[in-house]
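Below is one structure, written out as structure tokens; the observations come after it.
Residues take their numbers from the sequence shown, with the count starting at 1.
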Amino acid sequence: MLVVVSCRSIAFALFALALLGPLLGSLPAQGTTLRTVQQSNSRAKYAPGDANRPGICMEMLRAVEQAEPGLRFSGLDQQAPLRRVEIMLAQGEIDVFFCLLRSAEREKQWRYLPVPLYRIQHMVAMRQDGGDEPRDLAELVAASRDKPVVVTRGTVLAATLREAGVAVTEVASDFEALQMLAMGRTDHVYGQDLNLQRHLREFRSGEKLRIAATVFQTDLQFLAVGRKVPAAVERLLLRALQKLEREGQLKAISDKYR
């Protein structure tokens, strides 16, 4: 049977393809894989080898994969310190990172999706016999004149302390900082509540160390997205996070680590 197609029909089909082409091209291919890494020395976020408590950020990452089956994350066999993570994200060596605090300087280099992943509190660890607890930043500034406050290198927390006039010593990890505290080389370790709590629990430092009651600041952690990630993929990530937030899964994961 001979099928006759008119020139008008062909012209209409070509016109439709021209309109739809950019839209179709903007859609992510099925099975989009995004590059990331685990943050080293932050066991509240990533705890390789711990099947029961693999880290709050690792669990949220896996929840995103389940909520949006077209998304996958690679590079999780690698670990990097926070400063290296920032460089990789800024230079496009990785596409996304779970989880980062916002700052004006960081927002110049990459984007943050608007759904908060979890809340952290700035607190200090002290020795059990460490004397009076600092009640605010002014008292921490005064205490740091005798011995600098120890904080993890390159973090937003370190920048916050310096801006407030606190004398600081920066080290590679909270664990190293707590070791210095136990040995009497500092009187205060400034960190995120979840990180400090996990280290004290895992390394049985409770006999010598404690977390003071003062909350100096409260912040939110977010998903950071590199600037080269296509807008369509970013929308998929946002949709997954909104679903997890709506269903209470982000809160449930966060509560598990408190």
Side-chain angles (χ1 to χ4, degrees), residues 28 31-76 79-80 82 85-86 89 94-103 106-107 110-123 152 155-157 160 174 191-199 201-202 211 215-227 229-258:
T32 298
T33 299
L34 297 169
R35 299 163 300 165
T36 189
V37 290
Q38 297 189 50
Q39 182 179 335
S40 60
N41 299 317
S42 182
R43 289 183 59 77
K45 287 184 175 183
Y46 293 96
D50 189 335
N52 294 321
R53 298 172 68 86
I56 188 170
C57 298
M58 177 62 87
E59 291 206 38
M60 289 181 173
L61 180 153
R62 294 305 185 199
V64 167
E65 288 184 326
Q66 293 180 4
E68 194 65 59
L71 292 175
R72 287 293 179 267
F73 301 96
S74 66
L76 292 165
Q79 294 187 53
L82 179 60
V85 169
E86 292 181 314
L89 188 59
I94 59 175
D95 302 307
V96 298
F97 184 72
F98 295 74
C99 318
L100 280 180
L101 298 176
R102 275 178 166 167
S103 74
R106 285 177 168 181
E107 287 187 297
W110 52 77
R111 296 187 293 270
Y112 288 88
L113 295 191
V115 178
L117 300 180
Y118 66 96
R119 169 184 54 82
I120 64 104
Q121 296 176 323
H122 299 213
M123 305 182 79
T152 299
T155 60
V156 170
L157 278 69
T160 298
D174 285 331
Q192 298 179 22
D193 55 340
L194 297 185
N195 284 341
L196 295 175
Q197 290 163 5
R198 178 147 190 165
H199 281 303
R201 181 172 58 248
E202 287 191 346
I211 297 177
V215 175
F216 295 92
Q217 185 171 317
T218 299
D219 280 325
L220 296 171
Q221 295 268 12
F222 293 89
L223 173 58
V225 180
R227 294 196 174 277
V229 173
V233 175
E234 193 169 316
R235 286 194 295 271
L236 288 181
L237 287 164
L238 179 58
R239 184 171 71 183
L241 291 179
Q242 289 171 332
K243 179 176 186 290
L244 294 172
E245 182 183 46
R246 185 170 60 251
E247 296 176 354
Q249 293 187 57
L250 293 180
K251 183 178 184 301
I253 294 171
S254 175
D255 288 348
K256 176 180 174 180
Y257 287 83
R258 295 197 178 279

**Request:** Please test L157 against L101 for side chain to side chain contact (heavy atoms under 4.5 Å, CB included), starting from the C-alpha separation and ending with a verdict.
**Result:** CA-CA 9 Å; L157 278 69; L101 298 176; 3.6 Å; yes
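- Pairs engaging residues 239-258 under the ring-ring contact (aromatic ring centres under 6.0 Å, His included) rule: none recorded [sequence neighbours left out].
- With rounding to the nearest 0.5 angstrom, the CD atom of Q197 is 11.5 Å from the CG atom of D174.
- The shortest non-hydrogen separation linking Q192 to Y118 is OE1-OH, 4.4 Å.
- In this structure the side chain of I253 reaches within 4.5 angstrom of the side chain of I56, judged on heavy atoms.
- At a threshold of 4.5 Å between non-hydrogen side-chain atoms, the residues L71 and E65 do not count as touching.
- Rounded to the nearest 0.5 angstrom, L82 CG and K45 NZ are separated by 6.0 Å.
- Of the possible donor and acceptor atoms, none in the side chain of T33 sits under 3.5 Å from a partner among the backbone N and O of R72.
- The aromatic rings of F97 and Y46 sit tilted, their planes meeting at an angle between 30° and 60°.
- Residues meeting the side-chain hydrogen bond (donor to acceptor under 3.5 Å, both in side chains) test with R258, sequence neighbours left out: D193.
- With respect to the salt-bridge test (charged N to carboxylate O, under 4.0 angstrom), the residues E59 and R62 do not qualify.
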**Request:** Evaluate the side chain to side chain contact (heavy atoms under 4.5 Å, CB included) criterion for residues L250 and M60: first the C-alpha distance (whole Å), next the side-chain angles of each, then the deciding distance (0.1 Å), finally the verdict.
**Result:** CA-CA 7 Å; L250 293 180; M60 289 181 173; 4.1 Å; yes
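- The backbone N or O of G75 lies less than 3.5 Å from no partner atom in the side chain of R35, so there is not a single donor-acceptor pair.
- At a threshold of 4.5 Å between non-hydrogen side-chain atoms, the residues T152 and N195 do not count as touching.
- Taking 4.5 Å as the limit, every side-chain heavy atom of V115 sits out of range of all side-chain heavy atoms of L244.
- Summarising the geometry, atom CD belonging to E68 is positioned 4.5 Å from atom CG belonging to L236; distances are rounded to the nearest 0.5 Å.
- The two residues S103 and Y112 have their closest heavy-atom pair at N-OH, 4.4 Å.
- Looking at heavy atoms from C-beta onward, H122 lies in side-chain contact with D219 at the 4.5 angstrom threshold.
- Side chain of D95 to main chain of G226: no donor-acceptor pair is present (N/O by atom type, distance under 3.5 Å, no hydrogens or angles).
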**Item:** Residues L238, R235; criterion side chain to side chain contact (heavy atoms under 4.5 Å, CB included); working and verdict
**Value:** CA-CA 5 Å; L238 179 58; R235 286 194 295 271; 5.6 Å; no
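- Formation of a donor-acceptor pair under 3.5 Å by the Q39 side chain with backbone atoms of V85 is not found in this model.
- Side-chain N or O atoms of T160 include one that pairs as donor or acceptor with a backbone N or O of V156 at under 3.5 Å.
- Taking both residues in full, the closest heavy atoms of R227 and E107 are given as NH2-O, 2.9 Å, listed atom of the first, atom of the second, then distance.
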**Message:** With side chain to side chain contact (heavy atoms under 4.5 Å, CB included) as the criterion, how do L76 and L61 come out once you've worked through the C-alpha distance, each side chain's angles and the decisive distance to 0.1 Å?
**Reply:** CA-CA 10 Å; L76 292 165; L61 180 153; 3.8 Å; yes
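- Annotation for F222 and L113: closest pair CD2-O, 3.2 Å, computed over non-hydrogen atoms.
- Between the side chain of R198 and the backbone N or O of S42, no donor-acceptor pair lies under 3.5 Å.
- Scanning both residues, P48 and R43, for their nearest heavy atoms gives O-NH1, 4.3 Å.
- What you find for P116 and E245 is that their closest heavy atoms are CD-OE2, 4.0 Å.
- Counted within 6.0 Å of NZ on K251, heavy atoms from surrounding residues, nucleotides or ligands total 12 or fewer; the atom is thus considered open.
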